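As structure tokens, the structure follows; a few thoughts come after it.
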Protein chains: 2
Amino acid sequence: MSDGAKDLIEAAGTAAPQGGERRRGIDRVIMLLEALLKHRAPMRVGDIAKMIGAPRSTTYEIVNSLLDAEMLENVGTEGYVYFGRSMHLFGWAYSHHNAHYRRIIETLDRLASETGETVQLCGLRGNKYVVLDCRDSPGPFRISSDVGVEVPIPWTASGRLLLGHMSEQELRDFIPPGDYTLPDGRVIAPADFFADVATSHRQGYSETAALADRFTWCMAAPIRDGHGAISKTLCFVLPIDTPEPRRNHLLDLLRERARALSLTDS
Amino acid sequence: MSDGAKDLIEAAGTAAPQGGERRRGIDRVIMLLEALLKHRAPMRVGDIAKMIGAPRSTTYEIVNSLLDAEMLENVGTEGYVYFGRSMHLFGWAYSHHNAHYRRIIETLDRLASETGETVQLCGLRGNKYVVLDCRDSPGPFRISSDVGVEVPIPWTASGRLLLGHMSEQELRDFIPPGDYTLPDGRVIAPADFFADVATSHRQGYSETAALADRFTWCMAAPIRDGHGAISKTLCFVLPIDTPEPRRNHLLDLLRERARALSLTDS
DNA sequence: ACACAATGTCTGAAATACCGGACAAACGAG
DNA sequence: CTCGTTTGTCCGGTATTTCAGACATTGTGT
């Protein structure tokens, strides 16, 4: 039986279960990979078929093609598949193709080893926030949110910075209404969020305390690209009881390093 | 099983003069990604079309689909595309989905920081050798071969270990004849190579001096999977003038760490 | 033991995704 | 400026691929 797969499949509910719609193989592939990323664990072909709303026979065909190309690989003995070695190589090529990204990774490593805290590189993916890379703090208190997991933007400090270029109307159109509801049920007032975005934009950093998680203090600083736009952020994820002097020290460090990585000032 | 992928990859490799054959979108996608990986730099759509032997109109269609999915992204002024953010996330998911791989990465980091040498994780991809991950030694002498670049197996120390389970006949069938020719024109006698493979298998490590490169001394140790098979190796890439005592020390360290990562003994 | 569900493979047939080719626009060289 | 090349887009026809369903096996639960 496929452990917790059913919940996710039904919760996903994105693809229409509607029959009779013929789709391109390429689109099936894209949906399949996204589904695997969302599920974050090997899946069986039958479950994949349900999750992406594709016929079983088609799904088998596609999965076999991707297995041959090593974009997927079998894991375990019982028909489970997950991302394959080729994906690792493609992803590595992406993250090293430009010197800028490599410098960012080095900074991430240095920040982590110097401070011992959890450091993340964050960005947007569609209208969600994602962690692009991270270095987890050692020790028992691992709060690490996984790389690639999509999170509602209003839950995050980085998200407030990444939307700094948008007008209030654009923000309204961009953020799905449900994304203002936190995991514990509290709801962020959109007006407050818009104010946060503006404040973060003005002061050049953003902090949140006990927002998405009761036990964490997050701080983010912007990395600006050649046009001055903020496409990525550096971010500390601290235990909420971190003393204020240390928080201030870490914030200064974070802002300095992020500024050093930026390709434009201001 | 679909026989497609290998043929397609080969076609992509040596350029494809073949015209008039209609192919599936999925296969085009696979060829496209392999072509990008081989080229190791952003490409224009027209060049991609030539490289994978696809009609321009089809290539545009596919590229646009992949751009929408962020599997590719535009880079540079305009017209150039390379791997996109989604690939990074898929690849990250691949390399972290199992605890074993994570332990390997940690070992890689530790070996690199403890010794200051270049460390690599190596494996096979089809009938070629590839670096799966690496930590480059600091300093001016960067000999780093890039992750994902395919290299003839006989050029490498790791390759001798990775083929340890094969009979001489299997080796003969597996290695393309041209792969015995080194970059500087020298040719390795197949008989010598087969003997090397056997020796490496027996002693549980492999070393090469000034083989693929006049200035490097390579040493590799096997990581065994649950069935005792060798699917990956740890590897040091040293300057060739590294003193023998230090080489011996590093070899012992490498073998010890590789053994600790193996899921079976012997 | 049974019934029931899921897996992996095949098949025929219809919908359509891919192809070849044409087109305007942009570029570069001489 | 003019010519030749490349880029990005569009279109209609047809060779292909996706789809639905059936099948033999294997797995699961009571």
Side-chain angles (χ1 to χ4, degrees), chain A residues 1-10 15-33 35-36 39 41-69 72-82, chain B residues 1-5 7-8 11-12 16-33 35 42-69 71-82:
Chain A
M1 82 185 66
S2 22
D3 44 290
K6 268 179 204 160
D7 313 334
L8 274 174
I9 293 169
E10 284 161 15
Q18 197 167 13
E21 280 211 14
R22 189 192 159 118
R23 289 214 153 130
R24 278 201 314 180
I26 297 186
D27 296 327
R28 297 288 192 198
V29 168
I30 293 170
M31 286 189 285
L32 191 158
L33 297 175
L36 267 187
H39 194 253
M43 293 176 77
R44 314 189 78 167
V45 181
D47 290 331
I48 295 175
K50 281 178 201 152
M51 193 153 173
I52 67 178
R56 257 163 20 88
S57 52
T58 304
T59 309
Y60 272 103
E61 172 100 20
I62 291 175
V63 166
N64 285 329
S65 290
L66 296 180
L67 283 173
D68 282 347
L72 298 181
E73 68 183 28
N74 283 107
V75 32
T77 51
E78 290 298 333
Y80 284 84
V81 297
Y82 202 51
Chain B
M1 281 185 245
S2 46
D3 53 347
D7 302 334
L8 300 177
Q18 265 291 31
E21 281 210 14
R22 187 189 164 119
R23 298 209 126 128
R24 277 201 313 182
I26 296 186
D27 296 329
R28 297 289 192 198
V29 168
I30 293 170
M31 288 188 289
L32 190 158
L33 297 175
M43 294 175 76
R44 283 181 312 228
V45 182
D47 292 331
I48 295 176
K50 281 176 199 154
M51 190 150 175
I52 67 177
R56 264 169 7 94
S57 53
T58 304
T59 309
Y60 272 103
E61 173 101 20
I62 291 176
V63 165
N64 285 329
S65 289
L66 296 180
L67 283 173
D68 284 345
M71 288 175 61
L72 297 180
E73 68 183 28
N74 283 105
V75 37
T77 54
E78 208 162 335
Y80 283 85
V81 296
Y82 202 52

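Computed from a predicted model, the values in this text were never measured in an experiment. Below, all heavy atoms of this structure are taken into account, side chains as well, without hydrogens, waters or symmetry copies.
Side-chain contact between A:Pro55 and A:Arg22 is absent, with no heavy atoms from C-beta onward closer than 4.5 Å. Contact of the A:Leu36 side chain with the A:Leu72 side chain is registered, since non-hydrogen atoms from C-beta on lie closer than 4.5 Å. At a threshold of 4.5 Å between non-hydrogen side-chain atoms, the residues B:Val45 and B:Arg56 do not count as touching.
The shortest heavy-atom contact between A:Ala35 and A:Ile52 is CB-CG2, 3.8 Å.
Straight-line distance from the CG atom of A:Leu67 to the P atom of C:dT9: 11 Å, rounded to whole Å. For the pair A:Met43 CE and C:dA6 C1', the interatomic distance rounds to 15 Å; values are reported in whole Å. The distance between atom CG of B:Leu32 and atom C1' of C:dC18, rounded to the nearest whole Å, is 15 Å. At whole-Å resolution of the value, CD in A:Glu61 and P in C:dA17 are 16 Å apart. A:Asp27 places its CG atom 8 Å from the P atom of C:dA17, with the value rounded to the nearest Å. Here C:dC18 presents its P atom at 7 Å from CZ of B:Arg22, a figure rounded to the nearest Å.
The salt bridge (Lys or Arg N to Asp or Glu O under 4.0 Å) test applied to B:Glu61 returns A:Arg24, not counting sequence neighbours. Residues forming a salt bridge (Lys or Arg N to Asp or Glu O under 4.0 Å) with B:Asp68 (at least two apart in sequence, or on another chain): none. Under the rule for a side-chain contact (heavy atoms from CB on, under 4.5 Å), the partners of B:Val75 that lie at least two apart in sequence or sit in another chain are A:His97, B:Pro42, B:Tyr80, B:Tyr82. In this structure, the salt bridge (Lys or Arg N to Asp or Glu O under 4.0 Å) partners of B:Arg44, at least two apart in sequence or on a different chain, are B:Asp47.
Atom CE of A:Met51 and atom CE of A:Met43 lie 5.0 Å apart (nearest 0.5 Å).
Within the 4.0 Å cut-off from OP1 or OP2 of D:dT17, not a single side-chain nitrogen or oxygen of B:Arg23 is found. Listed pair B:Arg24 / D:dT18 meets the phosphate criterion, a side-chain N or O lying under 4.0 Å from OP1 or OP2.
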Protein N or O to nucleotides 5-9 of chain D N or O, pairs below 3.5 Å:
{"from": "D:dT7", "atom 1": "OP1", "to": "B:Arg44", "atom 2": "NE", "distance (Å)": "3.3"}
{"from": "D:dG8", "atom 1": "OP2", "to": "B:Tyr60", "atom 2": "OH", "distance (Å)": "2.7"}
{"from": "D:dG8", "atom 1": "N7", "to": "B:Arg56", "atom 2": "NH1", "distance (Å)": "3.2"}
{"from": "D:dG8", "atom 1": "O6", "to": "B:Arg56", "atom 2": "NH2", "distance (Å)": "2.9"}

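Where the helix from C:dC2-D:dG29 to C:dG30-D:dC1 starts and where it ends, the local axes point in directions that differ by 60°; five pairs per end, rounded to 10°.
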